[in-house]
Protein chains: 2
Amino acid sequence: MLNHMVEQTHLDAVFHALADPTRRAMLGQLAERELTIGELATPFSMSFAGASKHVKVLENAGLVSRTIRGRTHFCRLQAARLAEADAWLKRYERFWTERLDTLEALLRAEDEANAAVKASSKPTIKAPKK
Amino acid sequence: MLNHMVEQTHLDAVFHALADPTRRAMLGQLAERELTIGELATPFSMSFAGASKHVKVLENAGLVSRTIRGRTHFCRLQAARLAEADAWLKRYERFWTERLDTLEALLRAEDEANAAVKASSKPTIKAPKK
DNA sequence: AAGAAATTAAACCGATCGGTTGACAATCGG
DNA sequence: CCGATTGTCAACCGATCGGTTTAATTTCTT
């Protein structure tokens, strides 16, 4: 109830920034190391000016901060606004966890049925991703 | 490594759909009940056609599904694509939980200091999130 | 001091955005 | 059958988007 007005304008900028694959890829790069504008530009076969504009969009959305050292601009990831976006999405979490829970229950029942038949030792549990 | 190519095109559409406050508000409404185009339009003092376009954007992003009964179109929330967006954001979760963790550590240290003074029984251990 | 390197600024381009209006197509209730 | 309700479609509008090119600015190197 509090966060409705607070960062509504933030969310606009953040989601818009994330809606572009080039900018998402840039964030992916920045997740590993601090990078300059030029380093951000080269992998996309894009002009410096083009990359500069993308970085400015990310910067205005608060997703990237910039420190200028000499003639080169170093960009680094700023995750707080990503957390705000995540918080917004979490309001809808129950809508997909509900379905996943029932799916999980089905798979678990199936596994138990197999286990009962085979009475084997190692239950083949495969972690989803991480 | 798998999900990089899979729904890249989905993410474009989903984040773009979420970048508009009217559409986010529509999703908020749809989180409570199934709604018709007209019901979605009225709270925003917007023409039917305008709302229709927004709904189409949400539909093309896979965030809303539509069932037509007679002359009225009923829209309902479809959360799977929101889950995909959430999954993308989770790749960056550590960047904001890190900071929260250090903050938590500070608070925990403070608590323990207080507890030591009082010589209480239960060590207040709080699991990070999950 | 001269020139290369890193970046922004400005102008421009076609495409898309968010929104409207007006015309059209169904469908429902009398 | 008539008229109201519900919605789409197409055309249009000004604004913004993603991208380029060209020019300018600053800094580093020699």
Side-chain angles (χ1 to χ4, degrees), chain A residues 8-30 33-78 81, chain B residues 8-30 33-78 81:
Chain A
Q8 193 73 297
T9 166
H10 287 0
L11 285 180
D12 286 10
V14 169
F15 281 133
H16 169 246
L18 296 183
D20 183 279
T22 300
R23 285 191 293 262
R24 285 200 307 278
M26 284 177 166
L27 289 180
Q29 295 285 111
L30 290 172
R33 29 179 155 65
E34 197 166 288
L35 289 170
T36 73
I37 305 285
E39 289 169 332
L40 282 169
T42 46
F44 304 106
S45 67
M46 167 183 296
S47 67
F48 268 54
S52 178
K53 278 179 153 191
H54 277 303
V55 169
K56 201 189 305 184
V57 170
L58 292 168
E59 205 179 4
N60 290 137
L63 296 175
V64 154
S65 69
R66 178 196 313 237
T67 63
I68 305 177
R69 207 146 53 225
R71 61 183 163 179
T72 71
H73 298 206
F74 293 86
C75 304
R76 86 169 168 282
L77 182 65
Q78 187 78 24
R81 295 286 165 80
Chain B
Q8 193 72 297
T9 166
H10 287 1
L11 284 181
D12 285 11
V14 168
F15 281 132
H16 168 247
L18 296 183
D20 183 277
T22 301
R23 286 192 291 262
R24 285 200 307 277
M26 283 178 167
L27 289 181
Q29 294 285 112
L30 290 172
R33 30 180 156 62
E34 197 167 288
L35 289 170
T36 72
I37 305 284
E39 289 170 332
L40 283 170
T42 47
F44 304 105
S45 67
M46 168 183 292
S47 65
F48 268 56
S52 178
K53 277 179 154 191
H54 277 303
V55 169
K56 203 189 302 185
V57 171
L58 291 168
E59 204 178 4
N60 289 138
L63 297 175
V64 153
S65 68
R66 177 197 314 238
T67 62
I68 305 177
R69 207 146 53 225
R71 59 183 165 179
T72 71
H73 298 206
F74 293 87
C75 303
R76 86 169 169 284
L77 183 63
Q78 187 78 28
R81 296 284 165 81

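In what follows, every chain begins at residue 1, and chains take the letters A, B, ... in the order their sequences are listed.
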What donor-acceptor contacts under 3.5 angstrom involve side-chain atoms of residues 14-22 of chain A, with partners at least two apart or in another chain?
| unit_1 | atom_1 | unit_2 | atom_2 | d |
| --- | --- | --- | --- | --- |
| Asp20(A) | OD1 | Thr22(A) | N | 2.8 |
| Asp20(A) | OD1 | Arg23(A) | N | 3.1 |

May I ask you to test the His54(A)-Phe44(A) pair for a side-chain heavy-atom distance under 4.5 Å?
no

In this structure, how many angstroms lie between the C1' atom of dT20(D) and the NE2 atom of His54(A), rounded?
12 Å

Side chain to side chain contact (heavy atoms under 4.5 Å, CB included) for Val55(A) and His73(A)? Distances and angles first, verdict last.
CA-CA 11 Å; Val55(A) 169; His73(A) 298 206; over 6 Å; no

Donor-acceptor contact below 3.5 Å, side chain Arg81(B) vs main chain Ala61(B):
yes

Ala51(A) versus Met46(A), closest heavy-atom pair with distance
N-SD, 3.5 Å

Provide, to the nearest angstrom, the distance between the NZ atom belonging to Lys56(A) and the P atom belonging to dC17(D).
12 Å

Round to a whole Å and report the spacing from CG of Asp12(A) to P of dC17(D).
11 Å

Quickly work out the Ile68(B) CD1 to dT27(C) C1' distance and round it to whole Å.
12 Å

Check this one for me: any side-chain N or O of Ser52(B) less than 4.0 Å away from OP1 or OP2 of dT8(D)?
yes

Please name the pair of heavy atoms, one in Leu77(B) and one in Leu30(B), separated by the smallest distance, quoted to 0.1 Å.
CB-O, 4.0 Å

Calculate the interatomic distance between Phe74(A) atom CZ and dA5(C) atom P; express it in whole Å.
17 Å

Close N or O pairs between protein and nucleotides 21-30 of chain D (under 3.5 Å):
| unit_1 | atom_1 | unit_2 | atom_2 | d |
| --- | --- | --- | --- | --- |
| dT27(D) | O2 | Arg71(A) | NH1 | 3.3 |

When you measure from the side chain of Phe48(A), which nucleotide among dG7(D), dT8(D), dA6(C) comes out closest?
dA6(C)

For dA6(C), does OP1 or OP2 lie under 4.0 Å from any side-chain N or O of His73(A)?
no

d(CG, Leu58(A); C1', dG18(D)) in whole Å
13 Å

Could you identify which residues of residues 37-46 of chain B place a heavy atom less than 4.0 Å from some atom of DNA chain C, listed by residue number, or say none?
Met46(B)

What I'd like to find out is whether the side chain of Leu35(A) reaches to under 4.5 Å of the side chain of Cys75(A), using heavy atoms alone.
no

Restricting to nitrogen or oxygen on both sides, can you table the protein-nucleotides 11-16 of chain C pairs closer than 3.5 Å?
none

Any Arg66(B) side-chain N or O less than 4.0 Å from OP1/OP2 of dG7(D):
no

Once salt bridge (Lys or Arg N to Asp or Glu O under 4.0 Å) is applied, what residue pairs with a partner in residues 48-61 of chain B remain, sequence neighbours excluded?
Glu59(B)-Arg66(B)

Side chain to side chain contact (heavy atoms under 4.5 Å, CB included) filter on Phe74(A), not counting sequence neighbours, yields Glu34(A), Thr36(A), Thr67(A), Arg69(A), Thr72(A)

Identify the two heavy atoms, one from Gln78(B) and one from Val64(B), that lie closest to each other, and give their separation to 0.1 Å.
CB-N, 4.0 Å

Contacts of type side chain to side chain contact (heavy atoms under 4.5 Å, CB included), residue Thr42(B), not counting sequence neighbours
none

